[in-house]
Amino acid sequence: MRPAAARRTARLGARTAAAAATGLLTAGLLAVGAAAPASAEEPTGQSDQLWINAPGERSLPLGGGSDGEPQSRSLDIGLYHDNDSFAVTDGRLTVDISGIAGVAEVTWPDNCTPSGTTAVCGVPEVPVMGDAYSPQVHLTVRAAEGAAAGAHGRITYSAVATGGPTGTLEAPLDSFDTTLTVAGGPDLSLGNIAPVKGAQPGSTHTVPFTLTNKGDGPSEGFTARLVASYGLDLVTRYPECTYRTIGGDYAPMTEATCTFDGLLEPGESFALPEPIRVALAPHAYAERLDISVEPGNGATDLADEDNYTVASFGAVNTADFEARGARVAGGAGETVTAELGFRNNGPAWLGNLGSGDPVALVDFTVPEGVTVTSVPEECIARTLDGNGSLPGRTGAPRYVCDLPYWTLPDTTHAFPFKLRIDRVVPDATGQVVLRPAFGSTPFPFDPNAGNNTAQVVVNATSNSTPAA
């Protein structure tokens, strides 16, 4: 089963090896870091795929409702597709609940038509995965009468839609399901936090922290983890927390690990000793504070999907991305190194923390009369028009290189290409262009698009021929 757009849903901090080793947060973003370069994943104009976004598992409490009945839980499922070049409509999600007989009961929403143990749910417009995506089918599930702790069953899904290159799209069969398990215990739930937009660097903000035990058993204390992105400073410091800075090969961030004692009974809420306050640094742009909690004393949370929330901050700031060209010279048969690349002139840093996408792609068109004999590992060979990739690495007319998913102000990233001069062409010129990893929209944060393009010049005839 393909993860539901892993690069759109990963949690901050999960890229670090330390986080993966100690289980601080999800490992989703770490998996993104091991994926193929974004420049290799761009969908072609003639391909598309339908996917189902469904949780892999859910726990259902035995009791805890105000009337003594089992609590209900929401099960949110959605459809999406890959290629926004196609309009995809008339999505039909088939839900089969035959596998949860005696385990759970389902209440169908208005956009589902049930028949026996299946239902077909309509999705009039199927989106691509992105910031505007949200699940379209919302089931309500609860433990069945007489179900015992440990009982479990499986809901399965299939889907088709109208659109794509052939006119019909189908999600991969036998690939999507949700396992429901009846259990008892605590269910810590964090409230959602509204995003802050248009904030000024240097401003201070209070982050709401709403934690409630929605389970049917107490939580013997809990652990909270706060991870702040590079442009966000944790102003409030709690004696219950330990703090550290994460960096190295990953985007710099601050992590707080906090342990709070005391019993949190079912239905009770917890308030911090004082509110969380954060400040936007001068280099802030798109910042986030990731908050996660887990029950104390080794207890398992009944429904950990609401143990995590994000406070996001959009700062009014800019980052000037500059393409770096090169000037090289040599005779026929000689090999020279052209070190082209990128610079972030600031003042803001940039980090695609949720997606793991490169902050930009460096698109290099090779000058006439030379052959590329050595290619940086972040780069892939493309056809001259850029629409197709080539199987080899050397000798291509064009290359697209992935930058890291983050860049600090006043930093550079170089891509050294070795070029064999097959024949001397005076002022042979290739182009270096910075562009977004996905789509064609210019960088919204860049105040100077004019320096997003530079040149690689081989055997310039005068110093007036610019390389950048």
Going by heavy atoms in the side chains, are [X] and [Y] under 4.5 Å from each other?
| X | Y | result |
| --- | --- | --- |
| L289 | V227 | no |
| Y230 | W406 | no |
| F313 | V278 | yes |
| P416 | P376 | yes |
| L180 | E57 | no |
| L340 | R324 | no |
| F364 | F415 | no |
| H413 | E378 | yes |

Applying side chain to side chain donor-acceptor pair (under 3.5 Å), run through T371 and D422 and close with a yes or a no. CA-CA 7 Å; T371 298; D422 300 320; 2.5 Å; yes

Assess, by modelled atom type and distance only, whether the side chains of Y399 and D363 contain a donor and an acceptor separated by less than 3.5 Å. no

Closest non-hydrogen atom pair between V424 and A332, with its separation: CG2-N, 3.8 Å

Output, in order, the C-alpha distance, side-chain angles, deciding distance and verdict of side-chain contact (heavy atoms from CB on, under 4.5 Å) for T365 and L384. CA-CA 7 Å; T365 302; L384 183 59; 4.1 Å; yes

Tell me if a side-chain donor or acceptor on [X] pairs with a main-chain N or O of [Y] at a distance below 3.5 Å.
| X | Y | answer |
| --- | --- | --- |
| D357 | A437 | no |
| N111 | Q136 | yes |
| Y308 | E305 | no |
| R277 | T204 | no |
| N452 | L434 | no |
| R92 | D90 | yes |
| N448 | D320 | no |
| T236 | P275 | yes |
| H138 | P135 | yes |
| E287 | Y285 | yes |

Would you give the length of the straight line joining atom [atom1] of [X] to atom [atom2] of [Y], rounded to the nearest 0.5 angstrom?
| X | Y | atom1 | atom2 | result |
| --- | --- | --- | --- | --- |
| L190 | F209 | CG | CZ | 5.5 Å |
| D306 | S74 | CG | OG | 10.5 Å |
| D233 | T254 | CG | OG1 | 7.0 Å |
| T373 | K418 | OG1 | NZ | 7.0 Å |
| L50 | N83 | CG | CG | 13.0 Å |
| L390 | R382 | CG | CZ | 8.5 Å |

Please indicate whether [X] has more than 12 foreign heavy atoms, meaning atoms of other residues, nucleotides or ligands, lying under 6.0 Å from its [atom1].
| X | atom1 | value |
| --- | --- | --- |
| N192 | CG | no |
| E240 | CD | yes |
| H152 | NE2 | no |
| D385 | CG | yes |

By ring pair (Phe, Tyr, Trp, His ring centres under 6.0 Å), which residues pair with Y243, not counting sequence neighbours? none

Name all pairs fulfilling the salt bridge (charged side-chain N to carboxylate O under 4.0 Å, His left out) condition that reach into residues 333-343, sequence neighbours left out, sorted by first residue then second. R343-D410

Holding to side chain to side chain donor-acceptor pair (under 3.5 Å), I want the full list of residues that pass it with D187, two or more places apart in sequence or in another chain. R73

